[in-house]
Amino acid sequence: MFKLIEKLEKEHILSKEELVALIDQHNNTEISNFLFKKAREVKEYYYGKDIFIRGLIEFTNYCKNDCYYCGICSSNKNVARYRLTKDEILSCCELGYDLGFRTFVLQGGEDPWFNDERMVDIVSSIKIKYPDCALTLSLGERSYESYKLLKDAGADRYLLRHETANPEHYSCLHPQKMSSEHRKECLLDLKSLGYQFGTGFMVGSPYQTIENLAEDLIFIYDIQPQMVGIGPFIPHHETRFANFSGGTVELTIFLISILRLILPTSLLPSTTALGSIDEFGREKAILAGANVVMPNLSPTQVREKYMIYDNKVGTEDDALTSLENIKRKIESTGNKVVVSRGDAKTTN
Ligand code: 5AD
């Protein structure tokens with residue numbers, strides 16, 4: 001197994017069978033520690049002790065989709081829906097800028113109210129006010145034309161998790177009108193438009209197999225995103241998966257380390273979901289090669305309405321508290337939070 005990890009470090013990819021064999025060892029402490037060390041070394045080779053921060057603005061919890069795992073899915077009638085106004089979004093950016101954020105991430109459900117015209121206005125207003133900041137969008141599936149308009153308006157990056165690369169598994173997690181193929185087409189559109197783009201998946205989602213995870217890793221290697229966000233699946237009590245078990249910290253951080261070796265210069269977040277299932281989940285991810293954290297900049301009064309899973313951490317905090325909590329955690333790992341846009345490096 002150690003040889004396999006060295007091979008992965010050198011060649012950045014393994015066969016599906018090899019990946020399955022490796023992932024299968026995620027509960028083996030000796031192998032995990034060896035893998036984490038390699039991943040940390042690669043992260044430090046490119047980024048030193050720097051950890052980048054992104055200010056997350058959850059600006060709408062309306063969603064037209066009905067993903068089976070998600071707490072804000074359209075069929076959940078117990079969610080108090082909200083939309084931030086353009087002015088409220090700009091105030092979040094102002095607060096974030098003063099706290100040292102140089103990347104803002106606008107994340108929301110697929111909310112048709114935020115059509116191209118409204119989004120272009122918001123994107124261009126943010127970029128005019130903060131030309132030194134990167135703007136990341138995470139608005140789900142849109143048309144090529146829409147992605148192009150948003151890019152032309154100034155958006156720099158786009159996050160769209162593929163959720164699972166396996167079409168059958170995808171159909172176990174989503175209603176029929178959504179498809180893995182379309183999700184992948186969107187990612188290729190984003191890439192061809194010149195966005196720095198990110199994808200990702202949930203770890204331990206219902207019906208997921210180790211083979212599925214190997215397929216996710218191969219898909220990610222093939223499309224070469226700049227960012228990959230993964231976090232454990234956490235059941236939400238008002239979804240059909242309420243009684244399924246969630247993903248584990250061990251498997252999630254094992255996969256983060258593998259991703260660091262597959263994409264050495266990538267930006268890998270230590271996600272809120274990890275911090276929600278384990279008090280030290282975020283620290284463990286950093287020590288396994290993650291190099292991004294995304295503290296919440298959303299106004300406190302809307303946070304508890306953006307419950308995509310149960311027991312999400314930080315829903316009572318304000319922006320400063322979220323940032324300080326996360327900074328303390330990062331520093332405890334011997335790393336440091338830096339004020340910069342935090343673009344991905346290139347290997348050549
Ligand atoms: N548990 C963990 N992650 C979830 N997401 C949605 N619902 C859940 C859940 N119950 C993730 C999806 C989505 C991202 C915004 O949050 O991967 O892309």
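Numbers here simply count residues along the sequence, with the first being 1. First listed ligand is number 1; within each ligand, the first listed atom is number 1.
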Requested in this report: May I ask you to check whether Gly71 has an N/O atom sitting below 3.5 Å from an N/O atom of ligand 1?
Outcome: no

Query raised in the report: Thinking salt bridges, do Asp343 and Arg157 make one under a 4.0 Å N-O criterion?
Result: yes

Query raised in the report: N/O of Tyr69 under 3.5 Å from N/O of ligand 1, yes or no?
Result: yes

Query raised in the report: In terms of side-chain geometry, is the basic nitrogen of Lys77 or Glu238 positioned less than 4.0 Å from the acidic oxygen of its partner?
Result: no

Query raised in the report: To the nearest 0.1 Å, how far is atom 9 (C) of ligand 1 from its closest protein heavy atom, and which atom is that?
Result: Ile234 O, 3.4 Å

**Report entry** Identity and distance of the protein heavy atom lying nearest atom 4 (C) of ligand 1
**Finding:** Met202 SD, 3.4 Å

Query raised in the report: Is the shortest distance from a Lys or Arg side-chain nitrogen in Lys16 or Glu211 to a carboxylate oxygen in the other one below 4.0 Å?
Result: no

Report task. May I ask you to identify the nearest protein heavy atom to atom 11 (C) of ligand 1, giving residue, atom name and distance to one decimal place in Å? Result -> Arg161 NH1, 3.6 Å

Query raised in the report: N/O to N/O below 3.5 Å, does that happen between Tyr309 and ligand 1?
Result: no

Query raised in the report: Are the charged groups of Lys312 and Glu58 less than 4.0 angstrom apart, N to O?
Result: yes

Query raised in the report: Among protein heavy atoms, which sits nearest to atom 2 (C) of ligand 1, and what does the distance come to when rounded to 0.1 Å?
Result: Pro232 O, 3.3 Å

Query raised in the report: What is the closest protein heavy atom to atom 16 (O) of ligand 1, and at what distance does it sit?
Result: Ile308 CD1, 3.5 Å

Query raised in the report: Looking at ligand 1, does any of its N/O atoms fall within less than 3.5 Å of an N/O of Glu163?
Result: yes

Query raised in the report: Looking at Arg81 and Asp111, does any basic side-chain N land under 4.0 Å from a carboxylate oxygen?
Result: no

Query - Atoms of ligand 1 close to Cys70 [distance to a heavy atom under 4.0 angstrom, numbered from 1] - result: 7 (N)

Report summary line: When every non-hydrogen atom of Asn335 is compared with those of Gly48, the smallest separation belongs to OD1-O, 4.4 Å

Query raised in the report: So, is the end of the Arg161 side chain (NZ or CZ) under 6.0 Å from the ring centre of Phe201 and within 45° of the ring's axis?
Result: no

